[in-house]
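In what follows, a structure is listed as structure tokens, so that the remarks can point back to it.
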Number of protein chains: 4
Amino acid sequence: MGSTTTPRRSNTRQRIQDVALKLFLEQGYEKTALREISDELGVTKAALYYHFKTKEDILVSLFRDLGRHMDELIAWGKRQPRELAVKQELLARCSVIFHDAAPLFDILIANQATLDALSVGQDFKDRVAALSDLLQEENSSLNARVRCATALLTLHFGTFAIRQLDGDPEEKRLALLAGATELLTSAHEGILSGTAGPAAGVPPEG
Amino acid sequence: MGSTTTPRRSNTRQRIQDVALKLFLEQGYEKTALREISDELGVTKAALYYHFKTKEDILVSLFRDLGRHMDELIAWGKRQPRELAVKQELLARCSVIFHDAAPLFDILIANQATLDALSVGQDFKDRVAALSDLLQEENSSLNARVRCATALLTLHFGTFAIRQLDGDPEEKRLALLAGATELLTSAHEGILSGTAGPAAGVPPEG
Amino acid sequence: MGSTTTPRRSNTRQRIQDVALKLFLEQGYEKTALREISDELGVTKAALYYHFKTKEDILVSLFRDLGRHMDELIAWGKRQPRELAVKQELLARCSVIFHDAAPLFDILIANQATLDALSVGQDFKDRVAALSDLLQEENSSLNARVRCATALLTLHFGTFAIRQLDGDPEEKRLALLAGATELLTSAHEGILSGTAGPAAGVPPEG
Amino acid sequence: MGSTTTPRRSNTRQRIQDVALKLFLEQGYEKTALREISDELGVTKAALYYHFKTKEDILVSLFRDLGRHMDELIAWGKRQPRELAVKQELLARCSVIFHDAAPLFDILIANQATLDALSVGQDFKDRVAALSDLLQEENSSLNARVRCATALLTLHFGTFAIRQLDGDPEEKRLALLAGATELLTSAHEGILSGTAGPAAGVPPEG
DNA sequence: TATGAATGAGGATTCATTCAT
DNA sequence: CATGAATGAATCCTCATTCAT
């Protein structure tokens with residue numbers, strides 16, 4: 001161990017990333033001007049261009065790790081048999097990855113319209129779709145499919161939404177995971193098409 | 001006689017809203033230039049300013065109805081007793097409102113970073129928070145609280161996410177609602193911490 | 001008595017002038033949008049164009065009377081012999097005209113850069129120049145000429161400046177006139193070139 | 001060697017100021033578009049924004065020196081005893097400052113309506129008021145007060161007005177100063193109301 | 001490694017003005 | 001008399017990006 005490989009480049013690159021992350025979070029990607037980043041760092045805008053080719057490039061660099069982790073998980077998932085336990089494990093690992101990258105999710109979610117036009121957004125969508133596929137059962141009912149999709153969704157958006165609730169972060173993460181797992185599990189228990197659907201919450205007029 | 005071509009009291013205002021909605025959906029609010037809207041309508045940018053005071057004003061006008069509907073629901077919720085059946089009904093009505101305003105949700109979700117800085121975003125957040133409050137039980141466990149929050153969230157984000165699933169829209173909506181109701185209901189059944197209160201009015205199913 | 005000659009036109013024209021005068025005073029000519037005028041009147045911008053051909057035309061109409069009065073004074077001055085008493089009388093009449101049209105002077109002074117490019121500004125400058133000529137003595141000393149010019153100036157700008165001093169308006173006007181007359185008179189008393197100039201206020205280094 | 005054509009640390013900032021001053025004088029501040037400035041310089045509008053934050057900032061930069069000089073004079077005035085000789089000296093120094101900054105006065109006077117809404121205008125008004133205070137005597141008669149105010153005014157507006165008179169500039173300046181000093185002095189001599197206080201230090205002339 | 005200077009494209013907004021009704 | 005609708009031209013300003021040094 002010890003960073004034997006990383007070239008001894010100045011830490012400016014890292015500092016740019018740090019500040020960029022902070023500002024993208026606070027103001028959004030589009031509304032963050034490069035000048036704001038450079039100002040906060042005490043360098044010139046031009047300096048940013050020494051370290052990154054474009055503004056988008058800064059953004060991309062922030063997502064490199066998350067992309068790798070998701071790819072690894074997807075690869076793992078593909079090697080496993082298609083059974084409930086595996087899917088639950090998938091969800092659990094997802095939960096960890098998502099929470100570790102929580103700030104990136106904030107950016108992803110809050111800047112969708114913008115990122116959709118960028119590689120970052122497309123790549124992420126593709127990966128979520130791949131994960132979603134791994135959770136789905138072929139030929140399952142609509143109810144089941146919606147629930148599987150929702151399970152992942154809960155993790156994805158919930159990661160970002162439960163921050164405003166009080167409580168220990170790890171506890172909250174587990175509670176969220178529990179809810180998601182519940183949805184996934186119920187999708188697998190054939191109980192779906194009959195009772196749960198129409199029984200609850202449908203306006204009586206229907 | 002009768003002006004067949006030039007409408008006397010033109011419907012331009014409505015047409016602006018239509019085109020704006022379309023473009024905000026396709027490209028995001030920020031990336032949509034007023035010029036694009038006016039070009040598509042075959043009028044001048046200045047014409048937009050005859051009908052709306054600012055770009056934001058166009059956006060706001062699109063959300064007027066949704067805001068009203070949510071306010072009515074919140075008002076209704078506040079008049080009801082705090083019991084599970086009411087909350088389920090709340091969720092069900094929410095589901096209807098959200099789905100009726102589906103395109104607006106797309107905009108809301110995809111442009112969060114932008115809209116957060118605008119009245120539209122703040123107003124909506126406030127209303128969702130109010131609804132969320134109506135679903136919560138005092139002194140409930142963390143698990144229950146996370147689930148209640150997630151229930152609403154599922155509706156909110158799910159509305160936007162299930163569009164890419166195949167199937168009849170109304171069926172999908174009901175499936176989504178079913179999942180959300182399940183989360184809400186389970187939060188209210190003793191299964192979470194035993195303190196969630198008497199699950200009055202819930203048919204002991206399963 | 002009774003306005004027998006004035007055509008029975010609506011009083012809108014007059015009301016436009018009133019509001020315009022008020023707003024031109026408060027905000028300046030350029031910064032006052034026609035929309036502000038029409039809004040304050042509860043009519044449409046287009047309505048203004050029924051009564052006046054252009055924005056400038058509104059302005060011009062406000063200055064019509066003042067122009068006439070000055071022209072009359074100039075004409076009178078030209079008929080009189082060139083002597084001190086006449087000039088003093090000229091100054092006194094000027095003082096009355098200027099003070100009666102005080103608001104117009106505010107506009108004239110505060111919007112010079114703008115009005116200079118307009119007929120209103122040019123016309124006024126020409127008239128002041130004509131008056132100034134009437135006060136001047138041929139072949140007089142520089143000192144005398146400066147003082148004569150200053151005398152009129154004092155009236156012109158002073159009208160506008162003494163408003164912030166406390167005191168009865170008419171008293172202030174007379175005090176201002178007294179100062180101006182003093183300057184004019186001293187220009188005529190040959191006492192100028194010798195004592196008053198270098199004696200007071202010149203830095204000792206000179 | 002040595003870049004003969006492209007200056008390394010370009011003097012663009014100064015050139016912008018020069019051109020701006022010229023155009024503000026010729027056309028007024030408001031009517032001068034930034035495009036005109038940049039065109040005349042052969043650069044882009046954006047280049048102006050590299051050197052100045054806003055259009056107003058260009059204007060402010062032009063007035064920086066004048067503001068400093070006036071502040072120094074005010075500070076000096078406050079340290080002196082309140083007597084006629086001091087006030088005469090004040091007027092004299094004012095005269096010098098005003099004439100050195102003659103073009104700025106043109107701008108100040110010709111664009112009042114505009115500048116009043118800007119910091120430049122307010123700051124200047126404040127400074128003139130401070131100077132005016134230094135010239136005033138407590139409890140003096142209205143006549144005296146009007147004259148003191150007029151004295152400064154004469155300098156202020158006269159600076160701008162005597163340019164159209166023939167004659168050596170410095171001579172004209174002195175003549176103007178003489179007139180102003182006369183007004184000030186007469187305000188201090190018993191001739192106005194007898195209460196103006198002991199004319200200490202004034203040689204009993206004429 | 002970085003900067004100073006500049007660009008080009010584009011954005012929202014404002015305004016006087018016009019004209020059919 | 002007056003309005004509703006629209007225009008065209010202009011304005012200030014912002015931003016990502018470039019490049020010689």
Side-chain angles (χ1 to χ4, degrees), chain A residues 9-13 30-38 41-58, chain B residues 3 5-13 16 30-38 41-58, chain C residues 9-13 30-38 41-58, chain D residues 3 5-13 16 30-38 41-58:
Chain A
R9 295 224 201 95
S10 92
N11 63 335
T12 302
R13 198 187 143 89
E30 201 120 48
K31 298 244 274 187
T32 299
L34 290 187
R35 192 181 39 71
E36 296 179 275
I37 299 179
S38 60
L41 278 165
V43 299
T44 328
K45 250 187 304 177
L48 305 186
Y49 279 87
Y50 178 81
H51 294 281
F52 298 92
K53 245 171 49 170
T54 66
K55 184 187 182 185
E56 185 178 352
D57 205 39
I58 301 182
Chain B
S3 58
T5 51
T6 345
R8 211 164 29 86
R9 200 166 197 176
S10 95
N11 58 336
T12 306
R13 197 189 142 92
I16 291 172
E30 202 121 47
K31 297 246 274 190
T32 299
L34 291 188
R35 189 184 39 71
E36 295 179 277
I37 299 180
S38 61
L41 279 165
V43 298
T44 328
K45 252 187 301 173
L48 306 187
Y49 280 91
Y50 176 77
H51 294 281
F52 297 93
K53 252 182 20 189
T54 63
K55 184 186 180 185
E56 184 178 353
D57 204 40
I58 300 180
Chain C
R9 295 224 202 96
S10 92
N11 63 335
T12 303
R13 197 187 142 89
E30 201 121 46
K31 298 244 274 189
T32 298
L34 289 187
R35 191 183 38 72
E36 295 178 275
I37 299 178
S38 61
L41 277 165
V43 299
T44 329
K45 250 187 304 175
L48 305 186
Y49 279 88
Y50 178 80
H51 294 279
F52 297 92
K53 244 173 45 175
T54 65
K55 184 186 181 186
E56 185 177 351
D57 205 39
I58 301 181
Chain D
S3 57
T5 51
T6 346
R8 212 168 24 90
R9 199 163 199 183
S10 94
N11 58 335
T12 305
R13 196 189 143 90
I16 292 172
E30 203 122 47
K31 298 247 273 190
T32 299
L34 291 188
R35 189 183 39 72
E36 296 179 277
I37 300 180
S38 61
L41 278 166
V43 298
T44 329
K45 253 186 300 172
L48 305 186
Y49 281 92
Y50 176 76
H51 293 281
F52 298 92
K53 253 181 21 189
T54 62
K55 183 186 180 186
E56 184 178 353
D57 204 40
I58 300 181

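All chains are named by letter (A, B, ...) in the order of the sequence lines, taking the proteins before the strands, and each is independently numbered beginning at 1.
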Between [N] atom [atom2] and [X] atom [atom1], what is the distance in whole Å?
| X | N | atom1 | atom2 | value |
| --- | --- | --- | --- | --- |
| A:Arg13 | E:dA2 | CZ | C1' | 16 Å |
| C:Asn11 | F:dA2 | CG | C1' | 14 Å |
| B:Leu41 | F:dA5 | CG | P | 15 Å |
| D:Phe52 | E:dA6 | CZ | P | 12 Å |
| B:Leu48 | E:dC15 | CG | P | 17 Å |
| A:Leu34 | F:dA16 | CG | P | 4 Å |
| B:Glu30 | E:dA12 | CD | C1' | 12 Å |
| B:Lys31 | E:dA12 | NZ | P | 13 Å |

Should [N] form a Watson-Crick or G-U wobble pair with both distances under 3.5 Å, which nucleotide is its partner?
| N | value |
| --- | --- |
| F:dT7 | E:dA16 |
| F:dT14 | E:dA9 |
| E:dT21 | F:dA2 |

>> Are the side chains of B:Leu34 and B:Tyr49 in contact, using a 4.5 Å heavy-atom criterion?
In response: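 Yes; the side chains approach each other to less than 4.5 Å.
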> Given side chains that start at C-beta, do those of C:Ile37 and C:Val43 come closer than 4.5 Å, heavy atoms only?
Replying inline: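 The answer is no; the side chains never approach within 4.5 Å.
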> Of all the nucleotides listed (F:dG8, E:dT17, F:dA16), which has the minimum atom distance to the side chain of A:Tyr49?
Replying inline: F:dA16
Do any side-chain nitrogens or oxygens of [X] fall under 4.0 Å of OP1 or OP2 in [N]?
| X | N | answer |
| --- | --- | --- |
| B:Thr12 | F:dA6 | yes |
| C:Arg35 | E:dT14 | no |
| A:Tyr50 | E:dT1 | no |
| A:His51 | E:dA2 | yes |

> To the nearest 0.5 Å, how far apart are NZ in D:Lys53 and CD1 in D:Ile58?
Replying inline: 13.5 Å
> Would A:Leu48 and A:Ser38 count as a side chain to side chain contact (heavy atoms under 4.5 Å, CB included) if you check the C-alpha gap in whole Å, the side-chain angles of each, and the deciding distance to 0.1 Å?
Replying inline: CA-CA 7 Å; A:Leu48 305 186; A:Ser38 60; 4.3 Å; yes
NA contact type, [X], heavy-atom cut-off 4.0 Å: base, sugar-phosphate, or nothing?
| X | value |
| --- | --- |
| D:Thr32 | sugar-phosphate |
| C:Ala33 | sugar-phosphate |
| A:Ala47 | base |

> What about A:Lys45, does its side chain sit under 3.5 Å from the base of F:dT17 through a donor-acceptor pair?
Replying inline: yes
> Just by modelled atom types, is the A:Thr32 backbone N or O under 3.5 Å from a matching donor or acceptor in the A:Lys55 side chain?
Replying inline: yes
> Which comes earlier along DNA chain E counting from the 5' end, the contact point of D:Val43 or that of B:Glu36, where each point is its nearest nucleotide?
Replying inline: D:Val43
> If you pin D:Gly42 and C:Lys55 to their nearest nucleotides in DNA chain E, which one's is more 5'?
Replying inline: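 The residue mapped nearer the 5' terminus is D:Gly42.
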> If you take all heavy atoms of D:Lys31 and C:Glu30, which pair is closest and at what distance?
Replying inline: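 Heavy-atom minimum between the residues: CD-OE2, 3.5 Å.
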